[in-house]
Amino acid sequence: MTESGIITTFYSFKGGTGRTMALANVAWILASLGRRVLAVDWDLEAPGLHRYFLPFLSDPELRNSAGLLETIEDYVRVVQQSEDDWPVGMTNPLDLADPQRHAMALMYTFPDSGCLHFLGAGRQDVAYPRRLHAFDWSRFYEAFDGATFIDQFGKRARENYEIILIDSRTGVADTSGICTLQLPDQVVLCFTYNRQSVEGVAAVASALAQQDRPYRNVLPVPMRVITDGKDIDEARDFARRHLDTVVKAYPRENITSFWENAEVGHNAEYGFAEKLASFYESPGNRRGLLADMLWLTQQVVGDYALTETKPIDADTRELVRRRFRLRDPIRARLQTLMEGDPTSSTLADFRELLAVAVKERTGEQELTAEIATGAVRLARDAAAQGNSSVATALLEESTTLLRKLAVARPDAYYPDLALSLNNLGNSLSDLGRREAALAATEEAVAVYRELVAVRPNTFKPDLAMALNNLSASLSDLGRRENALAATEEAVAVYRELAAARPDAYKPDFAATLNKLGNRLSDLGRREAALVFTEEAVAVYRELAAARPDAFKPDLADALNNLGAWLGDLGRREAALAVTEEAVAVYRELAAARPDAFKPDLAGSLNNLGAWLGDLGRREAALAATEEAVAVYRELVAAAARPDTFKPAFAGSLSNLGIRLSAFGRREAALAATEEAVAILRELAAARPEDFKPTLASALRNLSIRLGDLDRWEGALASSEEAVAIYRELAAVMPDAFQLNLAISLATHANCLEAVERLHEAFGSNGEAIKILRPPFLNQPLTTVRWMKPMCVQYRERAKKLGIMPDTKLLAPIEAVFAELNI
């Protein structure tokens with residue numbers, strides 16, 4: 001190893017000589033022989049060196065990889081700034097003249113500690129041609145001391161690498177001058193046997209000879225030689241007459257021997273893709289491209305003892321060959337899978353692909369990631385078709401793969417891992433696997449937090465989305481305080497994003513405000529819920545005014561929620577007004593797209609019936625609820641998956657029972673409530689975690705309906721069952737179900753008294769008050785409508801029994817009643 005690395009430029013006067021191919025092969029051979037090599041693509045106008053390294057690059061198309069142009073642009077930008085504006089820690093802009101800033105190591109384990117780093121021309125995005133065209137090389141040299149920057153770049157390259165190979169652009173230009181005159185210690189002149197190519201490199205060789213500094217070597221190499229052509233001897237003679245002086249200027253064993261060995265033959269098998277000969281030919285082969293490249297490598301390093309390259313094992317050779325193909329067969333199969341409908345057989349095909357392709361070697365990480373991200377996209381399609389089990393299985397496979405990839409290369413694969421985890425959480429939730437869903441979503445949020453710390457502008461929207469999903473998972477498990485915290489953080493992120501880019505993020509901001517209202521309401525914080533839901537409605541009104549087709553549904557949903565919070569705070573007239581507006585919007589939407597919006601219309605009608613009933617407008621309330629039931633019945637009958645609408649249908653039937661009872665139509669009320677209970681029993685049998693709460697509520701209503709008809713034994717049985725379910729639920733999630741348990745216990749007390757079990761009724765009544773007391777004392781306005789009748793009945797039952805009520809229990813409650821003048 002030399003004390004300082006050697007810079008070698010590969011130059012050709014015309015394109016099509018095979019210059020880039022030669023450099024790539026020499027670089028690979030040297031790295032495989034244990035050398036530390038840097039390959040630089042300085043052909044900025046037509047970069048192509050990366051094509052030879054595609055199987056070993058994490059970003060094969062260089063869409064997101066900075067390179068040489070960014071290195072120089074960064075320097076120009078900094079030198080135009082005052083020192084106060086320089087990046088933190090920078091003392092000299094020339095520190096940016098470091099090829100290692102953007103060089104990428106090829107994903108391959110070379111023997112004997114060899115390595116091959118690649119510095120591309122620049123980020124190959126849509127802006128690259130414009131940026132390159134706008135760059136003023138004359139100004140770079142004259143105004144910004146570009147020569148010093150280039151010298152420093154070469155100095156840093158020599159310090160860190162043994163061999164630096166530069167692929168220069170063709171012709172005569174500023175950048176080719178840098179590559180041939182300023183930077184290199186030696187130059188390889190690549191040419192073909194035609195007049196223009198030969199005379200062009202001869203002129204460059206003459207210019208090199210006139211430089212003040214000596215070159216280590218100037219090496220003319222004829223390439224793409226077809227030896228059986230009839231004019232080959234004449235062409236050889238023409239080239240040698242023009243270039244013999246170049247060969248003679250440097251130590252050679254024998255000039256005749258040099259020209260006999262120098263030719264790089266034309267190999268048709270390498271003509272259709274950029275391939276490295278080391279993976280297609282055996283090291284001991286004395287003929288072929290690999291042998292020619294080995295000879296060229298000897299000349300570049302001045303080591304004529306190099307007689308053969310290191311062998312590559314058969315598995316690695318096959319993997320890399322597949323990656324070099326213009327159409328990778330595994331990628332082709334993956335694309336075919338992606339274009340089909342996801343089924344259980346698709347899952348089997350994916351697993352078979354993985355068994356063949358997933359090997360942690362020789363650049364296969366990228367293909368593994370493609371398969372994993374393909375599984376994510378296909379899982380999304382499966383979920384949209386209602387095939388949650390296939391979607392979940394695909395996402396579990398993809399997440400396992402991406403987690404492994406992200407451990408090795410977090411910068412490349414963390415975003416895909418986070419997306420897969422987020423989707424997995426949603427899919428697991430759809431299957432009722434809530435604990436697993438929470439774990440996946442928490443991991444997604446953790447990954448997005450790490451990404452935001454590095455690239456906030458890119459990943460803040462994803463973090464906010466994941467926080468929303470985390471909130472849903474936490475809420476499903478009854479962890480409402482945690483769910484609220486996640487949604488509050490999501491709102492804060494979206495508020496910031498919407499302030500900067502309103503057109504892009506106002507919809508997400510409004511949706512998350514709406515969710516925050518729901519979370520606050522779940523915790524009984526109705527005043528706060530009202531504030532955020534009013535803000536959501538205001539944002540949606542603005543959005544719907546500009547794009548009604550897109551945002552009217554969201555506006556209607558937020559109006560429904562706003563109506564609920566207004567009603568809970570006793571502002572029933574206002575609640576009715578916004579709910580009527582929501583119904584009007586949904587009627588309009590359902591008229592145009594009934595399949596999409598009839599369910600929302602039915603839900604909104606159900607809410608409308610509730611507010612009309614609370615305001616004593618019983619006939620209108622009954623009409624709205626009957627219409628809601630009719631729409632839901634139609635949806636259940638027509639749906640391919642009736643379970644989709646059965647829960648809402650049951651809830652609407654239960655409400656219809658209440659409305660009919662208000663008109664004294666008790667038999668009809670009972671029938672509606674019994675139908676609701678029957679539906680919910682069926683649903684709870686299949687998915688108890690989802691439907692036990694609504695079943696318990698319907699059972700409590702059924703007990704009331706049966707009591708209205710003096711069928712107290714049946715009423716008692718229903719209330720007992722409701723209490724039993726709520727006890728079970730409250731034991732696991734007290735914050736979520738203690739209020740329901742208290743209300744159900746009060747109903748049960750009424751049934752017990754009706755069958756003359758007054759002592760038990762008194763006990764049930766007292767237990768209800770004990771359970772309801774803490775939330776009542778904390779937020780009396782939201783629970784007073786239940787607490788007041790409970791306390792009245794408690795005192796009355798104590799009087800009937802001739803016993804003293806528990807004054808310690810009642811005293812703080814009745815003090816609040818007095819304060820509120822209730």
Under 4.5 Å between any side-chain heavy atoms of [X] and [Y], yes or no?
X	Y	result
Leu622	Leu656	yes
Leu451	Pro415	yes
Leu543	Pro507	yes
Pro647	Thr694	no
Gln738	Met733	no
Tyr726	Ser697	yes
Asp557	Asp600	no
Leu781	Leu569	no

Which residues share a side-chain hydrogen bond (donor to acceptor under 3.5 Å, both in side chains) with [X], sequence neighbours left out:
X	result
Arg77	Asp74
Arg593	none
Asp508	none
Arg63	none

| request: Take Thr625 and Asn655, measure what side-chain hydrogen bond (donor to acceptor under 3.5 Å, both in side chains) needs, and give me the verdict at the end. | output: CA-CA 7 Å; Thr625 308; Asn655 288 341; over 6 Å; no
| request: Let me see the working for Arg123 and Ser65 under side-chain hydrogen bond (donor to acceptor under 3.5 Å, both in side chains), right down to the final yes or no. | output: CA-CA 5 Å; Arg123 188 180 295 109; Ser65 300; over 6 Å; no
Nearest heavy-atom pair of [X] and [Y]: which atoms, and what distance?
X	Y	value
Tyr414	Ala406	CD1-CB, 3.3 Å
Ala672	Gly657	CB-N, 4.1 Å
Leu402	Asp416	CD1-O, 3.5 Å
Ser604	Val583	OG-CG2, 3.3 Å
Leu741	Ala730	CD2-CB, 4.2 Å
Ser521	Trp565	OG-CZ3, 2.8 Å

| field | Test ring pair (Phe, Tyr, Trp, His ring centres under 6.0 Å) applied to Tyr540 and Phe509, step by step | value | CA-CA 10 Å; Tyr540 276 133; Phe509 177 45; 9.9 Å; no
Go through the structure and list residues passing side-chain contact (heavy atoms from CB on, under 4.5 Å) with [X], not counting sequence neighbours.
X	value
Ala610	Arg659
Glu534	Leu530, Leu562
Glu619	Phe663
Pro129	none

| query | Side chain of Thr747, backbone of Ile743: donor and acceptor closer than 3.5 Å? | reply |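 Here the side-chain-to-backbone pair exists.
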| message | Whether the side chain of Asn560 engages the backbone of Gly563 through a donor-acceptor N/O pair (distance < 3.5 Å, no angle test) should be reported. | response |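 Here the side-chain-to-backbone pair does not exist.
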When rounded to the nearest 0.5 angstrom, what is the spacing between [atom1] in [X] and [atom2] in [Y]?
X	Y	atom1	atom2	result
Glu535	Asn514	CD	CG	11.5 Å
Leu635	Leu601	CG	CG	9.5 Å
Asp411	Arg455	CG	CZ	8.5 Å
Leu680	Leu699	CG	CG	8.5 Å
Leu405	Ser58	CG	OG	11.5 Å
Asn469	Asn423	CG	CG	8.5 Å

| field | Any side-chain donor near an acceptor of the partner, Ser654 and Asn701, under 3.5 Å | value |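 Short answer, yes.
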| field | Pair Phe737-Val732, side-chain contact (heavy atoms from CB on, under 4.5 Å): steps then yes or no | value | CA-CA 9 Å; Phe737 294 109; Val732 179; over 6 Å; no
Pairwise salt bridge (Lys or Arg N to Asp or Glu O under 4.0 Å) hits with a residue in [range], at least two apart:
range	result
residues 465-487	none
residues 624-636	Arg587-Glu627, Lys598-Glu634, Arg633-Glu675
residues 638-654	Asp643-Lys646, Lys646-Glu682

Side-chain donor-acceptor distances from residues 458-465 under 3.5 Å, at least two apart:
unit_1	atom_1	unit_2	atom_2	d
Lys460	NZ	Glu496	OE1	3.1
Lys460	NZ	Glu496	OE2	2.6

| request: Show the numbers, then the answer: is there a side-chain hydrogen bond (donor to acceptor under 3.5 Å, both in side chains) between Arg700 and Ser744? | output: CA-CA 6 Å; Arg700 190 179 75 85; Ser744 193; 5.5 Å; no
| message | What verdict does the side-chain contact (heavy atoms from CB on, under 4.5 Å) test give for Thr399 and Arg403, after you've listed the backbone C-alpha separation in whole Å, the side-chain angles of each residue and the deciding distance to 0.1 Å? | response | CA-CA 6 Å; Thr399 300; Arg403 192 180 283 114; 3.5 Å; yes
| said: Under the criterion side-chain contact (heavy atoms from CB on, under 4.5 Å), I'd like the reasoning laid out for Ser471 against Lys515: C-alpha separation, chi angles, the key distance, then a yes or no. | reply: CA-CA 9 Å; Ser471 175; Lys515 288 186 178 75; over 6 Å; no
| query | Between Leu395 and Ser398, does a side-chain contact (heavy atoms from CB on, under 4.5 Å) hold up when you go through it step by step? | reply | CA-CA 5 Å; Leu395 288 165; Ser398 69; 4.2 Å; yes
| said: For a side-chain hydrogen bond (donor to acceptor under 3.5 Å, both in side chains) check, start with the C-alpha distance between Asn561 and Thr533, then their side-chain angles and the critical distance, and finish with the verdict. | reply: CA-CA 7 Å; Asn561 287 344; Thr533 308; 5.9 Å; no
